[in-house]
Amino acid sequence: MKISIIGGTGYVGLITGLGLAVHDHDVICMDGDSRKLNKLNNGELPIFEESLPELLKEATDRNKVVFTNNIKTAVRESDIIMIAVGTPESKNGDTDMSQLILALKLVAGFMNNYKTIVIKSTVPVGTCAMARMIIKDNLNHPMIPFDVVSNPEFLREGNAVRDFLKPDRIVVGVDTPESEGVMKELYSTFDAPLIFTDTRSSEMVKYACNAYLATRISFINEISEISEKVNADIHAILQGMKLDKRIGSHYLNPGPGFGGPCLAKDLKSLINFAGKANADLPLLKAVLERNGLQIKSITDYIMSELKDVGSKKIAVLGLSFKAGTNDTRNSPAIHLLEKLADTKTTIHVYDPVVKNLEEPLHSRVTFPENIEDTIKDADCLIVMTEWPEFKELELKAVYNMMKTPLIVDTRNIFAPDKAHNLGFQYKGIGIADSLYKNIDVPLKNII
Ligand code: UGA
């Protein structure tokens, strides 16, 4: 089939376009960003993502993808037009739909025959219905037939190529048999359950999934807090929980709070449009609130342990919002640095792929070239991202390099007993320092 992706050099647009191209569709990735288009036309990628170089190579070697800023050709030459533009949070808390609305208007103006318009962007429930009206109002030839379809994405950064090529399921919201037929053909070569719903339910599936994942993370972060206070061990607790098949093992890693451009943004958007539909969502509001507490309690711990923080040196490992990506949007590490930046403490940072930050943070911190130079003479080592090379660090060598052996491991990547045996003061999430010092919690704190 012939497919155009509007927003085709963005994260979702590019992976979707290249993924469909290797499934033998003819894809046009259309975008207004000439810098990214130039890169792609030179065989370079504008984003860091595992397996994406191979996907780009395969799609281009087979001549299955074109990168262009020509929206007119993109629309006219395609059967399916996928819209994958950004829908960020606007200042008043609403979802900013301006890019989507502009894309719909432009597409409508260039349509020359029947098109299936697929909304990939994450959008409030009811957007497909709104899109139909926008297209109708902007058609150049009023009688051109079209359908609007919802097809949310479930791509995780760092895992997105696998998530696209081997999805758990594909969700499609349609309102006509004709568009259902088109979408069946589009995904006919994918080995995954294809779920058809109405467009509103499909739009809601996306929010329900992200809200549920966020809820699990906030839940385990809350259990971690209480575990620390009563000297229980989150590793042991998770072992006991995960084997319960009803609970399972995913999205239960305690940490510095969920970051990135999606979970928090989508939760806020859901709470916002639910409010307009008279639904208050107290549980999901609490999930967000809990998330904000993580960085606060980590910072409070560091400040209280370091005491005269202005005279100390802090080493931070990891800047991206999770391992496997160079994305620092809404990264817990950045939120931590912003808090530490207000003090006079010396901050050394290391990340395998992030080598720049936005100002004024960039000038406030030092970027040593390697992990060793980052840790050397530090009074506190803070692990913010679970990159494999951090997990492989030899703790004894780390101990010998640091000035004061204090580790704050917000991803629980080190073995706490090993750290303690070496002489570290070790603080994980859900693992109190006192757990390994045989300090009993006073009974009055428990019963
Ligand atoms: C998330 C969803 O997982 C995708 O399905 C969805 O398509 C995407 O948002 C989106 O809406 O576009 P992503 O934000 O890339 O994907 O990353 P996740 O792997 O879900 O992680 C989000 C945050 O939660 C990260 O900061 C991560 O470190 C944190 N996390 C994740 C935990 O703290 N604990 C966990 O157990 C899992």
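One-based numbering, in listed order, for ligands and for the atoms of each. None of these values were measured; they are calculated from a predicted model.
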Taking the ring of F367 and the ring of H348, is the distance between their centroids below 6.0 Å? no

Near D266, which atoms of ligand 1 are under 4.0 Å from a heavy atom of that residue? 11 (O)

Identify, for atom 12 (O) of ligand 1, the protein heavy atom at the shortest distance, and state residue, atom and that distance. E153 OE2, 2.8 Å

Nearest protein heavy atom to atom 11 (O) of ligand 1, by residue and atom, and its distance? K206 NZ, 2.6 Å

Nearest non-hydrogen contact to atom 36 (O) of ligand 1 from the set N253, N330, D163 belongs to N253

Heavy-atom contacts under 4.0 Å between N210 and ligand 1: side chain, backbone, both, or neither? side chain

For atom 20 (O) of ligand 1, what is the closest protein heavy atom, and at what distance to 0.1 Å? Y251 OH, 2.7 Å

Within a reach of under 6.0 Å around CD of E44, are more than 12 heavy atoms found that belong to other residues, nucleotides or ligands? yes

Shortest non-hydrogen separation from T374 to V316 and the atoms involved: CG2-O, 4.3 Å

Looking at atom 31 (C) of ligand 1, what's its closest protein heavy atom, distance included? I217 CD1, 3.6 Å

among protein heavy atoms, the one nearest atom 1 (C) of ligand 1 is L263 CD2, 3.9 Å

Taking only heavy atoms of L213, which atoms of ligand 1 are found under 4.0 Å from at least one of them? 3 (O)

Atoms of ligand 1 under 4.0 Å from any heavy atom of C262, numbered from 1 in the order shown, are 8 (C), 9 (O), 10 (C), 11 (O), 12 (O)

Taking salt bridge (charged side-chain N to carboxylate O under 4.0 Å, His left out) as the definition, give me every residue that meets it alongside K242, ordered by chain and number, with sequence neighbours left out. none

With a 3.5 Å distance limit and no angle check, can you tell me whether S218 reaches the backbone of V287 through a side-chain donor-acceptor pair? yes

Is the NZ or CZ atom of K355 positioned over Y350's six-membered ring, under 6.0 angstrom from the centre and within 45° of the axis? yes

Give yes or no for whether the N/O distance cutoff of 3.5 Å, strictly under, is met between G259 and ligand 1. yes

More than 12 heavy atoms of other residues, nucleotides or ligands under 6.0 Å from CD of E289: is that the case? no

Should you measure from each heavy atom of R411, which atoms of ligand 1 turn up under 4.0 Å away? 28 (O)

Among all protein heavy atoms, pick out the one at the shortest distance from atom 17 (O) of ligand 1; state its residue, atom name and that distance to 0.1 Å. K322 NZ, 3.0 Å

Using the ring centroid of each side chain, check whether Y251 and F219 are separated by less than 6.0 Å. no

Could you check, using the six-membered ring where one of them is a Trp, whether Y207 and F273 have ring centers closer than 6.0 angstrom? yes

Salt bridge K296-D300, side-chain N to carboxylate O under 4.0 Å: yes

Using a strict 4.0 Å cut-off to heavy atoms of E157, name the atoms of ligand 1 that fall inside it. 15 (O)

With heavy-atom distances below 4.0 Å as the criterion, list the atoms of ligand 1 near L252. 36 (O)

Closest protein heavy atom (residue, atom, distance) for atom 4 (C) of ligand 1: L155 O, 3.6 Å

